[in-house]
Amino acid sequence: MKNALILFTVALLAGCSAPKYSGNALPDANSIENVTIVEDTKTRSVFLDSMLDWCLNNQVKCKVVTDGSEHKPEEVTLDYVSRWSWDFRTFVADAKISAYQGQKRVGNVEFKAPNSANLSKFGDDMERIKAMMDILFDKKTAQEATQMIADEKL
């Protein structure tokens with residue numbers, strides 16, 4: 001009985017600290033054909049590469065500009081930031097993509113993978129970033145993407 005209780009507690013704690021997505025899709029996401037991405041030079045280049053790959057595969061024209069560039073108020077502009085962590089190998093610990101139109105934030109997605117004993121923190125970083133874009137562009141919900149991690153598909 002004591003061993004079962006310990007096993008249950010460990011499983012419960014591991015589940016609580018599993019990676020997850022949250023956020024809100026862009027309004028009228030399916031009609032957006034052009035976006036501007038503000039490059040964050042402090043974030044690993046794989047993040048921008050993944051976003052651009054997603055755009056290419058989803059017929060969304062993406063233009064990359066440097067931080068501090070003038071933005072057209074009629075265009076959707078994406079800012080991103082991410083932090084990697086290490087636990088015998090690197091993994092995306094947390095990431096955020098925010099979408100703006102003019103000065104107003106119109107969508108955002110966050111990903112968090114706590115550095116815990118839960119092995120689902122390790123996954124394909126590029127696919128996890130692309131899943132963030134799927135959520136932002138209303139191709140899947142944050143709950144669906146989180147479930148894909150639980151199902152070991154991300």
Side-chain angles (χ1 to χ4, degrees), residues 8-65 67 71 75-154:
F8 174 76
T9 303
V10 168
L12 181 66
L13 290 174
C16 291
S17 60
K20 69 177 188 174
Y21 293 93
S22 61
N24 302 310
L26 289 160
D28 301 321
N30 295 326
S31 64
I32 296 172
E33 297 176 355
N34 300 298
V35 297
T36 300
I37 301 174
V38 179
E39 182 177 12
D40 181 13
T41 56
K42 294 179 182 175
T43 297
R44 291 182 178 198
S45 62
V46 67
F47 204 100
L48 178 59
D49 293 345
S50 299
M51 292 174 73
L52 292 172
D53 192 47
W54 183 92
C55 289
L56 181 65
N57 292 331
N58 288 275
Q59 291 78 44
V60 175
K61 294 178 185 170
C62 292
K63 169 176 72 173
V64 179
V65 297
D67 199 8
H71 305 296
E75 289 183 5
V76 173
T77 302
L78 305 180
D79 288 336
Y80 64 94
V81 66
S82 182
R83 182 181 62 83
W84 268 254
S85 192
W86 187 86
D87 188 2
F88 298 105
R89 78 175 198 95
T90 59
F91 62 96
V92 176
D94 53 69
K96 183 176 183 178
I97 302 174
S98 298
Y100 297 90
Q101 193 154 24
Q103 298 297 318
K104 183 180 177 190
R105 187 166 81 173
V106 293
N108 71 300
V109 179
E110 291 187 39
F111 173 76
K112 294 189 184 291
N115 194 358
S116 65
N118 190 324
L119 295 178
S120 61
K121 65 186 170 193
F122 302 114
D124 186 324
D125 294 335
M126 289 187 77
E127 292 303 316
R128 289 183 173 187
I129 295 163
K130 289 176 186 178
M132 292 178 74
M133 294 290 283
D134 281 342
I135 295 165
L136 190 62
F137 283 84
D138 207 19
K139 298 195 179 293
K140 66 176 67 156
T141 66
Q143 293 78 17
E144 290 170 334
T146 299
Q147 186 60 48
M148 290 181 75
I149 292 173
D151 295 342
E152 298 182 14
K153 294 179 181 176
L154 281 181

**Request:** Check whether any side-chain heavy atom of Ser98 lies under 4.5 Å from a side-chain heavy atom of Lys96, and answer yes or no.
**Result:** yes
Report task. Compare all side-chain heavy atoms of Glu127 with those of Met148 and state whether any distance is below 4.5 angstrom. Result -> no
All heavy atoms of Ser22 vs all of Ala142, minimum pair found to be CA-CB, 3.8 Å
Rounded to the nearest 0.5 angstrom, the CD1-CG distance for Ile129 and Asp49 is 9.0 Å
For Glu110, the salt bridge (Lys or Arg N to Asp or Glu O under 4.0 Å) test, sequence neighbours excluded, returns Lys112
Sorted by chain and residue number, the side-chain contact (heavy atoms from CB on, under 4.5 Å) partners of Ala25 (sequence neighbours excluded) come out as Asp138
So CG of Asn108 and CG of Asn24: to nearest 0.5 Å the spacing works out to 5.0 Å
Those residues at least two apart in sequence (or on a different chain) that pass ring-ring contact (aromatic ring centres under 6.0 Å, His included) with Phe47 are Tyr80
Thr43 meets the side chain to side chain donor-acceptor pair (under 3.5 Å) criterion, sequence neighbours left out, with Asp40
Separation between CE (Met51) and CD1 (Ile97), nearest 0.5 Å, reads 4.5 Å
Residues Val60 and Asn34: closest non-hydrogen pair is CG1-N, 4.5 Å
The complete set of disulfide bond (SG atoms under 2.5 Å apart) pairs with one or both residues in residues 22-56, sequence neighbours excluded, reads Cys55-Cys62
Those residues at least two apart in sequence (or on a different chain) that pass side chain to side chain donor-acceptor pair (under 3.5 Å) with Asp151 are Gln147
From the list Val35, Val65, Thr36, Ile37, side-chain contact (heavy atoms from CB on, under 4.5 Å) with Thr77 holds only for Thr36
Ring pair (Phe, Tyr, Trp, His ring centres under 6.0 Å) pairs touching residues 126-154, sequence neighbours excluded, are Trp54-Phe137
*asked:* In the structure I gave you, are the side-chain heavy atoms of Ser50 and Asp125 within less than 4.5 Å of one another anywhere?
replied: no
In terms of heavy-atom contacts, Ala99 and Val76 come closest through CB-CG1, 4.3 Å
Taken in chain and number order and not counting sequence neighbours, the residues that satisfy side-chain contact (heavy atoms from CB on, under 4.5 Å) with Arg83 are Ser85, Ala93, Asp94
Residue pairs passing the salt bridge (Lys or Arg N to Asp or Glu O under 4.0 Å) test with at least one member in residues 51-63, sequence neighbours excluded, are Asp53-Lys130, Lys63-Glu75
query = Is any side-chain heavy atom of Met133 less than 4.5 Å from a side-chain heavy atom of Leu78?
reply = yes
**Request:** State, yes or no, whether a side-chain contact exists between Ile149 and Arg128 at a heavy-atom distance under 4.5 Å.
**Result:** yes
Those residues at least two apart in sequence (or on a different chain) that pass side-chain contact (heavy atoms from CB on, under 4.5 Å) with Asp28 are Ser31
On a heavy-atom basis, the closest approach of Val46 and Met126 is CG2-CG, 3.5 Å
Between Ile135 and Ala145 the two heavy atoms that sit nearest each other are CD1-CB, 3.7 Å
